[in-house]
Amino acid sequence: MTTSGTPAPAPARKVNRIGLELAAYRGGKSTLCAGCGHNAISERIVEAFYEMGVESQRVIKLSGIGCSSKSPAYFLGQSHGFNSVHGRMPSVATGAMLANKGLLAIGVSGDGDTGAIGIGQFVHLMRRNVPMIYIVENNGCYGLTKGQLSPTADIGSTLKNGVVSDLPAIDLCALALDLGASFVARSFSGDKKQMLSLLKAAIAHRGTAMLDIISPCVTFNDHEGSTKSYSYVKDHEEPLEEISFVPFFEDISVDYEPGTVQAVSLHDGSTLFLKKLAGDYDPTNEPMARRVIYESAARGEFATGLIYVEPNRPDFLALLNVVDEPLASLSPEKIRPPREVLDAIMDELR
Amino acid sequence: MTTSGTPAPAPARKVNRIGLELAAYRGGKSTLCAGCGHNAISERIVEAFYEMGVESQRVIKLSGIGCSSKSPAYFLGQSHGFNSVHGRMPSVATGAMLANKGLLAIGVSGDGDTGAIGIGQFVHLMRRNVPMIYIVENNGCYGLTKGQLSPTADIGSTLKNGVVSDLPAIDLCALALDLGASFVARSFSGDKKQMLSLLKAAIAHRGTAMLDIISPCVTFNDHEGSTKSYSYVKDHEEPLEEISFVPFFEDISVDYEPGTVQAVSLHDGSTLFLKKLAGDYDPTNEPMARRVIYESAARGEFATGLIYVEPNRPDFLALLNVVDEPLASLSPEKIRPPREVLDAIMDELR
Amino acid sequence: MTPPELAVQEAPTGPVTTPVVNDFSIQVATVNGSGSQTANLVLLRSLFQSGVPVSGKNLFPSNIAGLPTWFTIRASRHGYVGRKKEIDILVAMNPETARDDVLGLEPGAVAVYDEALKLDAVRDDLIFYPVPFDKLVAAVCPDAKLRKLVRNMIYDGVLSQLLGIDLSQMERALGRQLAKKAKALSLNQAALHAGFDFAGTTLRKRDPFVVEPMSATAGMILIEGNAAAAIGSMMAGVTVVAWYPITPSSSVCETLTTYMRKYRMDKESGKATFAIVQAEDELSALGMALGAGWLGARSMTATAGPGISLMSEFTGLGYYAEIPTVIFDVQRVGPSTGLPTRTAQGDILSTAFLSHGDTRHPMFLPSSPGEVYTMAIEAFDLAERLQTPVFVMSDLDLGMNLWMSDPFPYPEKPLDRGKRLTPDKLRELGDWGRYKEVDGDGIPYRTVAGDGLPAYFVRGSGHNERGQYSERPADYVANVDRIDRKFRHARTLVPPPVIERVAGARVGIIGYGTSHWGISESRDQLRHEAGIATSYLRLRAFPFSPDVGAFIAAHDRVYIVEQNRDGQMGTLVKLDVDAALTPRLRHVLHYDGLPLDARTITDEILRQEGRQP
Amino acid sequence: MTPPELAVQEAPTGPVTTPVVNDFSIQVATVNGSGSQTANLVLLRSLFQSGVPVSGKNLFPSNIAGLPTWFTIRASRHGYVGRKKEIDILVAMNPETARDDVLGLEPGAVAVYDEALKLDAVRDDLIFYPVPFDKLVAAVCPDAKLRKLVRNMIYDGVLSQLLGIDLSQMERALGRQLAKKAKALSLNQAALHAGFDFAGTTLRKRDPFVVEPMSATAGMILIEGNAAAAIGSMMAGVTVVAWYPITPSSSVCETLTTYMRKYRMDKESGKATFAIVQAEDELSALGMALGAGWLGARSMTATAGPGISLMSEFTGLGYYAEIPTVIFDVQRVGPSTGLPTRTAQGDILSTAFLSHGDTRHPMFLPSSPGEVYTMAIEAFDLAERLQTPVFVMSDLDLGMNLWMSDPFPYPEKPLDRGKRLTPDKLRELGDWGRYKEVDGDGIPYRTVAGDGLPAYFVRGSGHNERGQYSERPADYVANVDRIDRKFRHARTLVPPPVIERVAGARVGIIGYGTSHWGISESRDQLRHEAGIATSYLRLRAFPFSPDVGAFIAAHDRVYIVEQNRDGQMGTLVKLDVDAALTPRLRHVLHYDGLPLDARTITDEILRQEGRQP
Ligand SMILES: Cc1ncc(C[n+]2csc(CCOP(=O)(O)OP(=O)(O)O)c2C)c(N)n1
Ligand SMILES: Cc1ncc(C[n+]2csc(CCOP(=O)(O)OP(=O)(O)O)c2C)c(N)n1
Ligand code: SF4
Ligand code: SF4
Ligand SMILES: [Mg+2]
Ligand SMILES: [Mg+2]
């Protein structure tokens with residue numbers, strides 16, 4: 001299969017379709033540890049929004065609390081951001097999208113922020129299919145509070161201090177599937193190409209795009225015995241497919257022998273070309289998606305890539321049937337009923 | 001297959017193996033609506049504890065807030081009870097069992113109490129496999145607050161006022177399975193026999209026994225168009241197996257043609273005999289359990305019965321390696337270290 | 001509205017011959033879920049339609065069906081709408097409580113009851129009117145299954161006859177109630193007449209209570225406070241609503257939903273100009289409201305005590321990150337779950353200081369549906385003006401009971417969207433910082449995503465004027481000092497107290513919310529029964545205006561009357577006013593969950609004044 | 001411990017010739033994660049071992065690595081262990097902040113720095129000691145990768161030489177620090193010597209600061225408050241611990257876990273006599289603690305501000321259902337996330353009234369590790385005695401910084417398990433009700449599952465004396481009145497304030513917690529610098545004892561010194577004492593996140609006393 005057009009990470013001078021340089025998508029200097037997986041993810045986010053040519057003004061960034069949740073300050077410096085409270089970012093993001101459906105929301109959370117204190121809001125976010133990108137930077141521990149086990153730590157994985165995780169890990173992808181999520185993917189902070197394609201697909205998707213990205217904590221959870229260490233994940237990553245993303249604004253012909261590649265067209269007109277690696281995996285087949293998660297987990301592997309996508313599931317705002325114009329900017333005339341309405345109501349009450 | 005010994009609901013005079021009458025297991029007069037499914041469940045609970053001959057002193061009852069959560073006041077009147085706060089009963093029950101592992105805890109919750117505000121605590125309770133019976137009296141609505149939709153309401157199910165549920169329902173059994181629960185069952189308040197056997201099995205199990213019992217709300221959600229109405233559930237119930245429970249204290253011989261019946265022996269020595277109805281369903285097979293839930297749901301049916309059991313998964317207290325004596329009643333000598341210990345610590349700090 | 005010369009001759013208790021006109025309380029004791037609501041509302045409306053000032057209070061249990069419920073209707077030609085402690089007329093329909101209900105009456109009171117209950121055997125100092133309900137209902141309703149639903153209408157008929165309430169008013173009220181249900185309507189009409197005729201033919205009137213038409217309710221409406229909150233929020237232009245059901249607040253958002261679906265659908269597109277979401281819990285509800293407020297939408301949530309506790313962390317975020325939203329707290333009794341269906345003013349202190357760290361929040365204190373309506377509108381303006389969460393402190397009595405009210409005025413002031421940065425303002429300011437003091441009032445200018453103006457980063461952690469992360473001591477102090485300035489500035493923005501100074505009065509009373517109704521009636525009692533003149537200050541918001549101190553300074557003793565155990569508003573007043581004034585403050589506290597009645601206040605003030613009642 | 005005649009000659013700033021003995025502050029400016037901790041602890045311990053009173057405060061950022069960190073060590077022969085505002089000796093290791101660090105010094109201060117930074121170019125009124133760190137470390141540590149880890153030890157050597165700190169004390173401290181790491185130890189020793197020798201050969205001492213051995217620390221320990229809380233809880237017999245990580249409280253339960261695994265394993269079975277659970281959040285943590293307290297186990301949790309907010313609803317349940325548990329709040333700065341690594345006393349008010357409805361909770365107010373230890377033990381007793389959640393209000397300064405302390409006394413009092421019903425008591429009482437007043441102190445008798453005594457039903461909803469569900473107004477009032485009685489009774493059970501009355505003093509100071517250290521030093525300053533004598537009352541718990549009012553009555557002006565913006569403890573005092581006394585109260589407030597220093601208090605009191613400092 002040959003594709004073209006997916007631009008390689010852009011060299012300095014280069015500009016994207018709206019004439020901006022990559023630099024325009026950068027954020028503040030990271031205060032995370034050198035080598036932290038979270039930084040690698042921030043870089044991919046910068047590239048993805050650059051390559052998709054999204055206006056920063058159209059984007060809002062949200063997060064909870066944690067090292068991972070600090071990262072929105074380190075990308076898209078010209079977008080509005082909200083570093084909220086621990087584990088409750090989904091509700092804030094939901095309210096924000098209700099206020100302005102025209103925006104593109106990207107939320108960054110951690111495995112503690114999402115899997116522990118925030119699992120309740122995660123569950124209900126997935127059910128609602130709120131249009132947003134929801135990234136979990138998953139390192140199996142609480143980085144910011146110095147390395148305690150998180151609920152995504154695998155059974156048997158050990159902490160530096162020797163403590164062994166003895167509870168079943170929460171598999172956020174499996175959970176998301178159960179709850180009706182419309183876009184479920186897993187990736188690894190070390191797999192630049194896959195992450196970039198998935199991020200662009202997430203931008204193109206309408207609905208909640210949940211990305212569980214294994215992102216090693218080099219300070220507290222990167223040692224021998226940890227199943228979230230860089231080397232362990234590298235050795236146990238099992239890509240489901242080779243992904244090429246073709247954005248709606250580039251019309252590119254892709255030719256391949258039929259059967260080997262699956263094309264998935266996304267909400268904004270972009271297309272995903274999935275070259276099958278693991279058997280003939282079909283990410284639009286829910287039972288298959290569920291099976292691959294459990295089977296790979298049973299083998300102690302991480303199945304990565306686009307696990308499930310349902311491009312046409314109506315998002316939360318569609319279900320609520322709200323007007324096209326952002327609720328936040330409706331004119332007074334549209335939100336304050338006229339005198340007659342109040343009179344009518346008063347009459348009913350007489 | 002012929003079994004014997006599972007006593008039919010006991011007539012007045014009869015006493016159980018510890019010499020108590022059924023009346024000794026009754027609670028206060030119910031203040032729930034006449035005909036509420038929750039009342040039927042309370043009656044089965046009374047019978048199950050009576051037939052198992054459990055001492056009331058050994059039992060603690062817990063609940064959150066809701067009509068369902070009121071019911072612990074209506075059974076086992078001589079046991080300690082705790083009607084806690086909305087959605088947070090799992091943590092209270094966990095703390096209670098940590099304090100006294102010798103007790104038998106039964107928690108009653110509702111679909112709102114568990115599925116909405118309480119889903120986070122539910123998730124973590126399942127992971128920990130805290131030894132307790134966790135019953136969700138599932139009516140797809142908030143009874144006590146007058147009938148709003150709950151997160152277990154099926155897509156398309158309607159309220160009396162015509163509001164249609166448009167979000168994916170949370171399937172608590174599927175969720176429990178994903179989170180590593182060791183005993184997962186679904187039943188229906190109208191299916192006395194099945195419920196009774198499952199309750200007795202839950203008493204015999206060590207670990208979290210999660211029972212999702214469909215329990216119609218006759219006041220707010222029993223109408224045409226509701227998928228949690230008595231008649232709808234009656235018509236769409238699909239028992240997986242015919243269950244007979246033989247308690248450890250009755251040694252009974254059960255003969256059946258091999259292959260037709262599966263025997264599962266539980267922690268306390270009791271045995272479950274499962275006569276297969278749906279194909280050759282095996283509730284100790286996790287993938288199969290997962291499949292049956294989704295496939296029946298896809299058909300719009302409720303697969304009921306024992307969905308999954310793992311009799312030997314270590315419970316939370318085993319993982320914590322606590323002493324056999326209840327922590328709450330350890331003598332001062334055991335919990336206040338001697339003078340030498342304090343001296344030693346002080347020396348280290350000099 | 002309360003001419004003294006009338007007020008002195010309030011309904012005396014004990015049997016008398018002189019008629020007592022339009023001045024009595026009726027209590028209907030039933031079982032909840034037994035369909036007595038229609039009968040009670042018809043009774044209430046028939047009085048209202050007759051022009052007689054009336055109020056209705058429902059005392060119901062925290063379950064769905066089968067437990068005792070009491071509905072109290074008060075008619076008062078003086079216009080008193082607070083709860084009346086004494087019951088003049090009991091309608092005993094609940095066998096379980098009938099005996100106690102009768103024993104609780106003052107001598108001379110009236111008891112209408114089901115013959116079968118033989119209540120006249122319980123005591124002999126009452127005026128008994130036995131009614132053969134089963135016999136009468138059987139006659140008019142052949143279908144036994146339906147009898148339960150119409151049975152209650154019989155006592156309406158009986159009372160219409162006994163009290164002289166125009167039957168046509170009852171029929172009109174009934175017709176309005178069952179407009180869409182022809183069958184039920186005719187059955188109920190029959191029952192109404194059956195009761196009326198029975199009383200006419202069989203009962204001899206021996207009580208003094210009579211109804212005479214007045215015109216005191218002309219043009220007025222009957223409404224619950226929660227419905228007023230809903231109408232006010234809709235008129236305020238709310239667009240994002242996130243809530244979680246909880247008694248007694250649920251009907252705020254449920255009523256709002258009904259009105260919005262009817263009146264806030266966009267003409268052209270037919271789509272909703274709003275989003276109302278039932279959240280998974282209160283933490284999420286407030287999180288959604290804040291997310292929407294952040295992006296410039298008018299957002300709100302409504303809850304009760306337990307929800308307020310759960311909103312604690314998010315409220316602190318809203319305070320410190322300076323995000324507008326409106327929170328309705330319809331207060332109920334108690335810490336924890338308490339008494340969910342009883343009324344109180346018990347969340348005042350914890351709400352004023354809600355969340356850890358140095359925080360304080362503005363609160364509106366409505367007394368009537370009309371005020372809930374106007375304050376709802378003001379609350380949305382204030383929230384955006386101050387860029388902070390604003391609370392409207394209602395209670396179960398106000399929120400769920402029926403009140404007379406003048407029709408609500410259409411809001412003449414345009415929406416105040418607060419300090420939003422504009423391109424011009426940006427040019428004028430030169431350099432803008434989200435959290436930078438500009439006008440000296442502590443309120444900075446904000447931008448919102450999508451407005452094309454500079455973006456910033458919101459965080460609950462330390463930040464400088466530009467919203468950048470900062471742990472610098474000076475940045476932190478400057479920021480929280482400005483926020484405190486903002487709060488003090490709020491004193492000038494919230495509605496001032498309503499003050500009634502009485503010349504020569506040495507005693508002052510401070511009250512707020514629904515305590516107002518008991519207080520104003522009690523002031524008449526104090527004046528007429530004990531010759532004590534009182535001035536009165538009714539708080540309408542926190543923070544307080546300076547008038548509060550001045551009012552206290554002008555009186556020797558000031559009684560703060562409220563519905564909680566710990567004198568919560570008194571605490572806030574004590575902290576606010578000049579320390580030299582605090583010795584003058586006294587308390588009248590009522591916290592048993594029943595609406596506050598005048599007699600309780602009067603007795604307690606007399607006691608503290610050394611005048612044994 | 002602070003002889004006045006010594007106190008007057010505190011370290012003057014600016015270069016002097018007369019030596020300043022054991023009275024200076026050293027600030028080491030580094031980058032967190034750069035491994036300076038060993039060097040700083042060795043420096044601290046070497047002084048401690050030399051018998052010089054010392055304290056160490058770590059000012060660190062809220063991230064894991066790469067940001068500026070300052071470690072301050074104070075040596076004070078007077079025994080002052082509060083923060084000292086002025087820095088006498090700066091060790092500038094962080095290029096990013098070096099310039100500002102140097103600019104922040106008083107003239108005459110000392111700056112030890114990396115030659116390469118050329119800081120002597122910044123200003124000329126300091127005493128500069130340039131040190132070629134890279135050259136020195138290269139010589140002793142061939143392996144370039146390891147240099148970062150030993151580099152810092154060089155400044156210890158330099159300071160040892162300059163200040164005359166016995167090098168063998170440093171070696172001993174170092175050996176203790178790296179006992180288990182032979183390789184690291186020898187490398188660090190080499191670096192230590194390299195610095196020592198370099199300074200000896202190259203640097204000419206021009207500053208007045210010297211260390212002379214004392215014996216003021218004999219027998220004492222060095223410990224963080226959180227470790228003291230852990231030890232106290234273990235000695236108190238805690239058995240169920242549920243917590244959720246949060247700065248600055250995490251080390252309470254982490255240290256506790258370490259100690260429990262070592263000292264609380266059952267001899268016979270080798271199993272744990274405790275259960276420690278990392279919960280999924282703070283709501284769950286408190287829920288578990290209450291569940292365990294309900295069944296009679298000694299339970300606890302530890303958290304900080306945001307966790308307190310999340311525990312609000314459950315705290316109300318514990319209060320109203322009367323369930324014992326202990327909650328440690330290690331306070332940090334701000335509403336919301338605030339400044340997680342800075343110290344404050346900002347949760348006082350919201351914790352005292354935590355949760356909706358009428359609630360109030362007992363709080364212990366420890367000032368020192370020794371007090372955290374004893375109060376932890378008292379807190380578990382009080383919780384079971386009062387049958388309610390009890391808070392221990394620590395803060396980051398106390399919890400995470402190193403303090404000198406006398407060794408902790410072994411608890412002589414047996415555990416007080418409170419009023420547990422016994423078969424005898426049951427016979428004596430005749431009929432027992434879980435919530436029945438028996439002894440007039442508001443505290444009822446309780447049973448727990450498994451004790452063979454009558455069971456009851458706990459609920460957060462209304463209940464009568466027997467714990468049965470009740471909506472009766474009288475039941476509700478009787479119950480909350482009894483609970484309030486119980487709380488007032490607590491005044492007699494909590495530790496009374498520590499009062500130091502000074503004859504003739506017109507000025508009083510009220511303080512609590514870590515403010516104590518700044519206050520006691522400030523009192524010396526006030527006396528010696530301005531001749532102002534002050535009395536002092538140190539609060540140790542809420543509710544207060546009557547002494548507080550008496551103390552205020554005995555002084556014209558009373559300054560309440562605390563570390564928050566809103567004068568939170570002042571508020572509680574104002575509410576508690578006779579209103580006539582409140583005009584005497586004044587405030588000294590400090591809330592920038594730095595530990596409170598004496599100078600700040602002194603200056604502010606002088607200002608309010610009209611004596612411009
Ligand atoms: C309510 C509350 N509880 C606890 C904390 C402390 N806290 C900060 S970050 C964090 C966990 C972060 O873990 P994770 O989400 O996995 O992020 P990571 O640092 O690993 O990227 C915790 C417990 C908090 N900030 N707020
Ligand atoms: C914190 C809090 N929020 C809301 C409520 C109000 N409330 C009481 S019960 C209930 C829902 C009950 O639904 P469910 O758990 O399904 O029980 P059911 O009544 O249907 O049996 C709610 C929202 C509450 N008691 N506490
Ligand atoms: S501690 Fe771990 S998660 Fe946090 S920044 Fe460092 S490497 Fe990343
Ligand atoms: S309202 Fe529904 S759930 Fe509640 S008691 Fe009645 S029938 Fe049962
Ligand atoms: Mg993590
Ligand atoms: Mg329900």
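Below, chain A is the first sequence line, B the second, and so on; all start at residue 1. Everything quoted here is computed from the prediction, not taken from an experiment.
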Checklist entry - Under 6.0 Å from the six-membered ring centre of D:Phe274 and within 45° of its axis: does the NZ or CZ of B:Lys334 meet both? => result no

Options [options], ranked by heavy-atom pairs under 4.5 Å with chain D, top entry:
options	value
B:Val85, B:Leu320, B:Ile65, B:Val59	B:Val85
B:Ala99, B:Ala96, B:Ser329	B:Ala96
B:Arg128, B:His86, B:Glu55	B:Arg128

Quick check on [X] against chain D: is it the side chain, the backbone, both or neither that has a heavy atom closer than 4.5 Å?
X	result
B:Leu103	side chain
B:Leu317	neither
B:Pro72	both
B:Arg127	neither
B:Ala93	neither
B:Gln78	backbone

Is [X] in contact with chain B via its backbone, its side chain, both, or neither, using a 4.5 Å heavy-atom distance?
X	result
D:Glu268	side chain
D:Pro454	backbone
D:Tyr320	neither
D:Lys267	neither
D:Leu283	both
D:Thr217	neither
D:Leu402	neither

Working to the nearest 0.5 Å, report the span between [atom1] of [X] and [atom2] of [Y].
X	Y	atom1	atom2	answer
D:Arg459	B:Ser69	CZ	OG	12.0 Å
B:Met346	D:Ser405	CE	OG	7.5 Å
B:Ser79	D:Tyr456	OG	OH	13.5 Å
D:Asp266	B:Ile335	CG	CD1	12.5 Å

Checklist outcome for this item: Checking heavy-atom separations under 4.5 Å from chain D, one finds in residues 105-122 of chain B B:Gly120, B:Gln121

Checklist entry - Under the side chain to side chain donor-acceptor pair (under 3.5 Å) test, which residues partner D:Ser251, sequence neighbours left out? => result D:Asn226

Checklist entry - What's the shortest heavy-atom distance between D:Ala297 and B:Ala328, and which atoms? => result N-CB, 3.8 Å

Next on the checklist: For B:Gln57 versus D:Leu453, what's the shortest heavy-atom pair and its separation?
Outcome noted: NE2-O, 2.9 Å

Can you find a pair of side-chain heavy atoms, one from [X] and one from [Y], that are under 4.5 Å apart?
X	Y	result
B:Leu327	D:Leu295	no
D:Phe314	B:Val92	yes
D:Val448	B:Asn100	no
B:His80	D:Trp294	yes
B:Thr94	D:Val277	no

Checklist entry - Got a donor-acceptor contact below 3.5 angstrom from the B:Arg88 side chain to the D:Ser284 backbone? => result no

Next on the checklist: Donor-acceptor pair, distance only, cut-off 3.5 Å: does the side chain of D:Arg264 make one with the backbone of B:Pro337?
Outcome noted: no

Who wins among [options] for the most heavy-atom pairs under 4.5 Å with chain B?
options	result
D:Leu222, D:Leu290, D:Leu286, D:Ile276	D:Leu222
D:Ala289, D:Ala275, D:Ala272	D:Ala272
D:Arg298, D:Gln49, D:Glu280, D:Met265	D:Glu280
D:Ser269, D:Ala279, D:Pro411, D:Ser299	D:Pro411
D:Ser461, D:Gly460, D:Gly452, D:Ala285	D:Gly452

Item to check | Any residue of residues 231-241 of chain D which, by heavy atoms, sits under 4.5 Å from chain B | outcome: D:Ile231, D:Met234, D:Met235, D:Ala236, D:Gly237, D:Thr239, D:Val240

Could you tabulate the donor-acceptor pairs under 3.5 Å formed by side-chain atoms of residues 338-345 of chain B, not counting sequence neighbours?
residue  : atom : partner  : partner atom : Å
B:Arg339 : NH1  : D:Glu412 : OE2          : 3.3
B:Arg339 : NH2  : D:Glu412 : OE1          : 3.3
B:Arg339 : NH2  : D:Glu412 : OE2          : 3.4

Checklist entry - Going by an N to O cut-off under 4.0 Å, is there a salt bridge joining D:Lys271 and B:Glu325? => result no

Item to check | Salt bridge flag under 4.0 Å for residues D:Arg176 and B:Glu348 | outcome: no

